[in-house]
Amino acid sequence: MAAETPDQDPVQEDVRVTSLEERLKQAQIRDAVRTGRKTAGPDNNYRLGSRVLAELIGGVAGGFIVGWFLDRWLGTAPWFLLLFLFGGIIVAFRNIYRISNGG
């Protein structure tokens, strides 16, 4: 029976700890307002990855769409499509290279 009940009463949450946590949160909010940080957003690596993905998709999709419209308009299928698709890929990789070198 003694193993079922603890020898000590359960510890109540200390009011001092709760007060300290509240003051710490308020100090962090004041510091964020003072330094101009609103909220914790995505970090730099996430932004860089999103930018690289956008460059890659944008270059390929842009080249494809422009080439496809030119082919439809001029009746030269598939030559402008291929030309602009590969041009878009080259531009996308050039931009990704520039981003990776700190540009």
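Residue numbers run from 1 in the order of the sequence given. As a basis for the values below, the full set of heavy atoms in this structure was taken, side chains included, without hydrogen atoms, waters or symmetry mates.
- Under the 4.5 Å side-chain heavy-atom criterion for grouping Ile, Leu, Val, Met, Phe, Trp and Tyr, I89 is connected to V52 within one hydrophobic cluster.
- Between the CD atom of E55 and the CD1 atom of I96 there is a distance of 7.0 Å, given to the nearest 0.5 Å.
- The CG atom of L53 lies 11.5 Å from the CG atom of L48; values are rounded to the nearest 0.5 Å.
- By the rule that hydrophobic residues join a cluster once side-chain heavy atoms approach within less than 4.5 Å of another member, F86 and F69 end up as members of one cluster.
- By the rule that hydrophobic residues join a cluster once side-chain heavy atoms approach within less than 4.5 Å of another member, I90 and W68 end up as members of separate clusters.
- Connection of W79 to W73 is not established within any shared hydrophobic cluster, with ILVMFWY side chains joined at heavy-atom distances below 4.5 Å, either directly or through further cluster members.
- Here the closest heavy-atom approach between residue T76 and residue L70 is recorded as OG1-O, 4.4 Å.
- With values rounded to the nearest 0.5 angstrom, N44 atom CG is found 5.0 Å from R47 atom CZ.
- In this structure, R72 places its CZ atom where only 12 or fewer heavy-atom neighbours from other residues, nucleotides or ligands lie under 6.0 Å away.
- Between L56 and F93 the shortest side-chain heavy-atom distance falls below 4.5 Å.
- Cluster annotation: I65 is not connected to L74 through the hydrophobic network of ILVMFWY side chains, with a link wherever side-chain heavy atoms come within less than 4.5 Å.
- In this structure, the separation between CD on E21 and CZ on R16 is 13.0 Å, given to the nearest 0.5 Å.
- Nearest approach of L81 to D71, heavy atoms of both residues: N-OD2, 2.8 Å.
- Residue L82 holds its CG atom at 10.0 Å from CZ of F64, rounded to the nearest 0.5 Å.
- Nearest heavy atoms, G59 versus A92: CA-CB, 4.1 Å.
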